[in-house]
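Notes to accompany the following structure.
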Amino acid sequence: MDTLNSHLAGLNEAQKEAVLHTEGPLLVLAGAGAGKTRVITHRILQIVKNGTEPEHILAITFTNKAAAEMRERTVKLLEAHGQGPTLTQGSSRSDLKAPFVSTFHSLGLLIIKENFRLLGLKRKPSIYDRADSMRVIKDALKSLSADNEIEPRACLGTISKQKGEGVTAGEYAEGARTSRERLVANVWLKYEKALADDSALDFDDLLVRAERLLRTNDEVRKRYQQRWSYVHIDEYQDTNKIQAKLAEHLLGPTKNVCAVGDIDQTIYGWRGAEITNLMHFEKKFPGAKVILLEENYRSTKNIIAAANDVISKNVQRVEKNSFTKNADGELLSLFQAFDETDEAAYVARTIKALMEEGSKPKDFCVLYRANFQSRAIEEALLGSDIAHQVLGTRFFERKEVKDTLSFIRAAVEGGSVDLARIANVPPRGVGKVTLLKILAGREQELTGAVRDKVVNLRLLLMKIQKAALQLPPSQLVRFVITESGLEKMHKEDKLEGAERLENLRELATLAARYDHLPMDEGLEAFMESAALASDQDELKETTDAVRLMTVHAAKGLEFSHVFIVGLEDGLFPYEREDDTENSKEEERRLMYVALTRAQKKVFLSYASYRTIFGSKNATLPSQFLSDIPQELLEWEVPERRGRTIYLD
């Protein structure tokens, strides 16, 4: 191949076609393991080779992890082909001399920060994470004497989904018909007031505010269309209504958009993902080119065959058939366990045996449908002394981490939610009544010892504010840990203190990634990264440990050996009272995602009895197991029989 097209070496024909089709709307339907990130990065290189400056190219994805990987691969590819620029240490975040690779939420935040005056916001708005939002929702329900009428989580879920549809609190209130809808509307209005009073935004607002600005302000919209003349959207099947609209507003008259997705991996309908965004792409963009990437580079033939048979039962999909040139590989193992403890023991001893043959803990992943299933697996792995990591409890949501970050935000930004969080951490005698007066701006009413305590808190925040102007992020974190009294408090805690201090040291380590940036940009970048972190950002690639996670959290990842546990009807597929054909098909897509995480081997298991809510119940094998041809399965022989079954 000539030097001009050397970057196409190693791509298959469908991938080459996608890379070379650079003008106009393009839809790439990429099956699992089909090399979609490779296509996006090489397509960006092709566009640069065609004469477009790198900074005029945008790529959007969903997680920080995916964005970081795509950014790194893109920059390396451009440098390798002499298409710079090289990102050197000390580069400013405002230096747009490279393709802008971002998550949707980071993109929304960028647009908001660059137009904060038009939106009537601070340049650095506070960002409520889910825990912050939950706290406000609970307070709102309590103020309405309705804290027993609806679960706060369900209330927040409804608000979030409606925001993703582009509905405002006022519009929802006007359309409320049932008592539940009217209650949610009242809570939502109180929630919006709390956000406004705190000059804060939640995750959904990052998209909603940015989309509304682009939709209603021609000048701003044209400015971004001129900045990014080529737009790439990864995981397009996961976009909700607002995300799809936000991306569309960025497209100029040429409609140079490349959407990459897989209808068979649409698993986020419950949080607003619109499968129709992908299904109707050609209708939305007449004349769009559609390319199928069907060759799988990840899995064995047997795994692909099983996945194809499972997903083929779905009706709402674009017909495609994944294939691979990889080896046939091993059959899929199937184990019938007595109960969840027996199932967990099977997982542990199988991993142990394979480790003795040379596999490493990080080669294994255990996938389950619901978080509660991890407990039995964790206990079995602990009992077998197998290192493991559970994804689900996000690092940035741990109490000690949130406390430290809240000290920084309360000092630098002055948010009331952060102030409320740290006012009495460590305990300093600031009670609820005192806190309410502080938040209401009535500190002058405080007297005596209580006033002295609040004054000392204010002095501490002033010290942190001053340090934030002088110290790089990692040193600031260490300063806060020490000066706030958090370090002393956790050292005195003989139960969990050591682990909490270890997490705080890890926080300082993470902050050090931003030390090379200019002082104000470094702290801002670190705090934004913490605010926008997702489940997959907890995955430490360097840690040699078995990964335990829900199937939802595993999307986009791959492992040599994958266990899919709890394959019982009612659990996986998960059974809901309001099941629809759409939700049933989404469960089948979830099974497809689970199977296609595996490179070499899949282990399937179900329990004859499972304890849920304290009761041991008989179960039936998942219907998904009957979708897999018997010739692809091999039964694992249980090591013991003859147990007595006791039913409640």
Distance only, no hydrogens: is a donor on one side chain within 3.5 Å (strictly under) of an acceptor on the other, for Q389 and R547? yes
Close aromatic pair by centroid cut-off 6.0 Å: [X] and [Y]:
X	Y	result
F559	F364	no
Y268	H552	yes
H105	F203	yes

Determine, for E192 against K163, whether the closest basic-nitrogen to carboxylate-oxygen distance falls under 4.0 angstrom. yes
Salt bridge present between E274 and K241 (N-O < 4.0 angstrom): no
Any side-chain heavy atom of [X] sitting closer than 4.5 Å to one from [Y]?
X	Y	result
F603	K601	yes
V347	V546	no
I40	I44	yes

Between side-chain atoms of residues 115-125 and protein atoms elsewhere (two or more places apart, or another chain), which donor-acceptor pairs fall under 3.5 Å?
{"residue": "N115", "atom": "OD1", "partner": "R223", "partner atom": "NH2", "Å": "3.0"}
{"residue": "N115", "atom": "ND2", "partner": "I111", "partner atom": "O", "Å": "2.7"}
{"residue": "N115", "atom": "ND2", "partner": "Y224", "partner atom": "OH", "Å": "2.9"}
{"residue": "K122", "atom": "NZ", "partner": "E413", "partner atom": "O", "Å": "3.2"}
{"residue": "R123", "atom": "NH2", "partner": "E524", "partner atom": "OE1", "Å": "2.7"}
{"residue": "R123", "atom": "NH2", "partner": "E524", "partner atom": "OE2", "Å": "3.3"}

Test of understanding: with salt bridge (charged side-chain N to carboxylate O under 4.0 Å, His left out), list the residues that count as partners of R458, not counting sequence neighbours. E443
Of all the heavy-atom pairs spanning D262 and A32, show the shortest one and how long it is. OD2-N, 3.8 Å
Looking only at atom types and distance, does a side-chain atom of D418 sit under 3.5 Å from a main-chain N or O of I408, one as donor and one as acceptor? no
